[in-house]
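Worksheet for the structure shown next.
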Protein chains: 4
Amino acid sequence: MEHRKSIPSMVKDPKLIEKRRDQIIEAAVELFISKGFHKTTTREISRASGFSIGTLYEYIESKEDVLYLVCDAIHEGVEKGLKEVLVNGVSGAVMLKAAIKGFLRVMDEMQDRVLLIYQEIKSLPKEAMKYVLAKEEEITSFFEEILRRGREDGSLKIDEKYIKLMAHNIVVLGEMWTFRRWSLHKHYTLEEYMEMQTSLILRELTEE
Amino acid sequence: MEHRKSIPSMVKDPKLIEKRRDQIIEAAVELFISKGFHKTTTREISRASGFSIGTLYEYIESKEDVLYLVCDAIHEGVEKGLKEVLVNGVSGAVMLKAAIKGFLRVMDEMQDRVLLIYQEIKSLPKEAMKYVLAKEEEITSFFEEILRRGREDGSLKIDEKYIKLMAHNIVVLGEMWTFRRWSLHKHYTLEEYMEMQTSLILRELTEE
Amino acid sequence: MEHRKSIPSMVKDPKLIEKRRDQIIEAAVELFISKGFHKTTTREISRASGFSIGTLYEYIESKEDVLYLVCDAIHEGVEKGLKEVLVNGVSGAVMLKAAIKGFLRVMDEMQDRVLLIYQEIKSLPKEAMKYVLAKEEEITSFFEEILRRGREDGSLKIDEKYIKLMAHNIVVLGEMWTFRRWSLHKHYTLEEYMEMQTSLILRELTEE
Amino acid sequence: MEHRKSIPSMVKDPKLIEKRRDQIIEAAVELFISKGFHKTTTREISRASGFSIGTLYEYIESKEDVLYLVCDAIHEGVEKGLKEVLVNGVSGAVMLKAAIKGFLRVMDEMQDRVLLIYQEIKSLPKEAMKYVLAKEEEITSFFEEILRRGREDGSLKIDEKYIKLMAHNIVVLGEMWTFRRWSLHKHYTLEEYMEMQTSLILRELTEE
DNA sequence: AATGAATGAGCCTTCATTCAT
DNA sequence: TATGAATGAAGGCTCATTCAT
């Protein structure tokens, strides 16, 4: 795993840096969601963060750093959400079902943010993009592990070679709830969507 | 279906308009793919198109029009590719298999372009975006129809209410070959990917 | 001799480029003389040139280009002035006397500009600085040649190895009329200064 | 002579003020030499001085004060160097020769610093500039006095009205070793340069 | 129809200076 | 005395768009 790229700051106090960056992230997420990264100005970010443009630049080195901060925070949120739904001491199949539902719920709650990553990731500098993609891969391997576990305990029928692909499919099926929402939300409620996708996937992985 | 949004031009001759716009599209696609929409300047577009900035603006009204033109052309390409793989006089199941493979092949051939749509669509003005999304929906319904046909001729086992969702899934599973290529292309060749995804989908739709 | 560094322009018509750059130079010289390079803004330059900031940047690539343009034009002026005082068909000694007087007159007429070069040359990018220094060297060798000629026709007594140094001395004695003017102009008129320096130098080079 | 402009400080203890300002000067000289006054930031100065930006401003009132401090210190160094070479109880001619050589040696040792004064002096506020120029004049009059002494003891042949000018010439011939080094250092070693310039000047002032 | 010079609003970023602690 | 976070005016530069030729 790539280690988190750390952004230099002119300010020394780490506590303060974290506090200020949280303000920046909170402000920037909203702005990026509603206007997009390119159409958001640094001044808007600083204003929405509650301080001056000069202060903003005490905590970042460039506008792109803000995007990175935002993407990172979003992924953190997703991972946190995922970890929370993890139940232990159950079969892989049960665990998978819970994980998919949990993942979809997170996708729904964070749809604007997830969408944001999808749309602006390409504006990140090379290095930062790599790191963000690594995070995405981590989420995928989260599902890989569950699948593998189900395979081992016999609760899921899946060939080893399909595990990675299936993990990708699950993640994408979850993320599409955000990036195809212009159609899906017209036809399904979240509950329906969860129900249907979960059953599609599990039927495939559990039939005799 | 939304009808194609027509972009006003200062020029009268429709033949010329089409010719010039083709030049614009060809130039802009390359530029947008390699630098992104926002980092491409209108001057670059006109230069790459082979004429002056003034002339460019004889055929479009704003930079966003170019993006729209480009997205539209790409979708056209995808649809054309899809139509070509359509075989008639066969069962829905056979047709679906061919369609998925064909679709994946098109996705692979046009990966940069498809990715472009994914990444820049949000920069389109409201109206244009709607139209582009409608195109996307059209592609989805292309698969819906095949599924429905297979259901009717008994070659596919699928509940009516799952048809739309499954169509979406198929489309997304195809498109993810482009937007998750940073991972998928490391693990699978196109052939493998086609083989695996097709078999996953068809297994699901055909087992008794 | 380094060849003149040519500055790229967005504009095609060379006549227009020259005309606009002349406007830029004229405006910038005044501003640089009165406020210095660093304290002059590009907006001031464009305004004083008679066009917008956008237009300014059609003819240069950076603010430093303006400084280069200005330094180059000034040197051109000095060289032109020098060439004009050159009389032919006379002994080296006579020629030298005329050249020194002419040079001093030019220094006096262009004192602000010469001073400008002295003070801002270090703000030029490496390449441009080299070129400007080469110009300065050219002026020195102008005197070298006259000295050598006088040595050959017997009208000047000077050892070959002193020729280059003496040329430097002459140039510096001329230029100091500008950069030490805070003292010299209080004590001498130009005429006095010319008379005294010329006689000092020539006495040295002509006594038996 | 102008009296040394004194810079106000928030701090009371004069010993401390001197100590801190010495730190500032030492740090700033290096920075100004390598990056120039304008491209050096106050933050860099404070960091290189070994204390915070806040502390820096306890000892100066503006960035220009630092430049003044630096220029003043450099002149001090030059004067100190000059005083050291002064031999007494000898003829003016002998003294002059020693002084020129000593001056050239100082110019060589302090070339970066002398150059710095030449290039940045114009960035000083009016008042400070006047004071610095007065220092320069002092150095000139140092040579004036030697010349006058030589005239009086008969060891130098020079008309009274030429004394000031000759003093200027000597100073400039020394300083040009720094500001024309891009050419002179290519052609002469310091020893050669000293030898040649000294002999040129003394020949002029001593021949029968 | 085609050209391309001109425009200027607006963007990102820097940095000297202040002041509460 | 020393610190360093905060400020915001100001600067260099870009680029979509227009319009006279």
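Within every chain, numbering begins at 1; the chains are lettered A, B, ... in the order of the sequence lines, protein sequences first and strands thereafter.
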D/Tyr118 and C/Tyr118: aromatic ring centres closer than 6.0 Å?
no

Walk me through it: do C/Lys130 and C/Glu127 pass the test salt bridge (Lys or Arg N to Asp or Glu O under 4.0 Å)?
CA-CA 5 Å; C/Lys130 243 184 221 164; C/Glu127 268 319 295; 3.8 Å; yes

Take a 6.0 Å sphere around CZ of D/Arg113 and say whether it holds more than 12 heavy atoms from other residues, nucleotides or ligands.
no

Could you tell me whether the side chains of B/Ser46 and B/Ser49 share a donor-acceptor contact shorter than 3.5 Å?
no

For A/Lys39 and for D/Ser62, find the nucleotide of DNA chain E with the closest heavy atom, then tell me which residue's nucleotide is more 5'.
A/Lys39

Give the residues of residues 27-35 of chain C touching DNA chain F, defined as any heavy atom closer than 4.0 Å, sorted by residue number.
none

Annotated protein contacts, base or backbone, on nucleotides 1-8 of chain F with a non-hydrogen cut-off under 4.0 Å, one of B, S, - each
SSBBBSBB

I'd like to know if D/Arg20 and D/Glu58 make a salt bridge, using a cut-off of under 4.0 Å between side-chain N and carboxylate O.
no

Using the ring of each side chain (for Trp, its six-membered ring), is B/Tyr59 parallel, tilted or perpendicular to B/Phe51, with breaks at 30° and 60°?
tilted

So that I can tick it off, tell me whether C/Glu76 and C/Lys135 are bridged by a salt bridge, with the cut-off set at under 4.0 angstrom between side-chain N and carboxylate O.
yes

So do A/Met10 and D/Arg43 actually touch side chain to side chain, heavy atoms under 4.5 Å?
yes

With a 4.0 Å cut-off on heavy atoms, is A/Thr42 in touch with a base, just the backbone sugar-phosphate, or nothing at all?
base

Starting at atom NZ of A/Lys63, determine the distance to atom P of E/dT13, rounded to an integer number of angstrom.
8 Å

Could you tell me how far apart C/Ile45 (CD1) and F/dG11 (P) are, to the nearest whole angstrom?
11 Å

Select base, sugar-phosphate, or nothing to describe what D/Thr40 touches, counting heavy atoms under 4.0 Å on all strands.
sugar-phosphate

Interatomic distance where CD belongs to A/Glu44 and P belongs to E/dC12 [whole Å]
9 Å

If you measure from the Lys or Arg side-chain nitrogens to the Asp or Glu carboxylate oxygens, is any gap between D/Glu64 and D/Lys126 under 4.0 Å?
no

More than 12 heavy atoms of other residues, nucleotides or ligands under 6.0 Å from NZ of B/Lys122: is that the case?
yes

Go through DNA chain F and write down every stem, that is, every run of at least three consecutive Watson-Crick or G-U wobble pairs with distances under 3.5 Å, as range with range.
E:2-21 with F:2-21

Verify the contact: side-chain N or O of C/Tyr57 to OP1 or OP2 of F/dT14, cut-off strictly under 4.0 Å; return yes or no.
no

Residue pair C/Ser9 / C/Arg21, side-chain heavy-atom distance below 4.5 Å
yes

Nearest-angstrom distance from the residue atom CD1 of D/Ile60 to P of E/dA16
10 Å

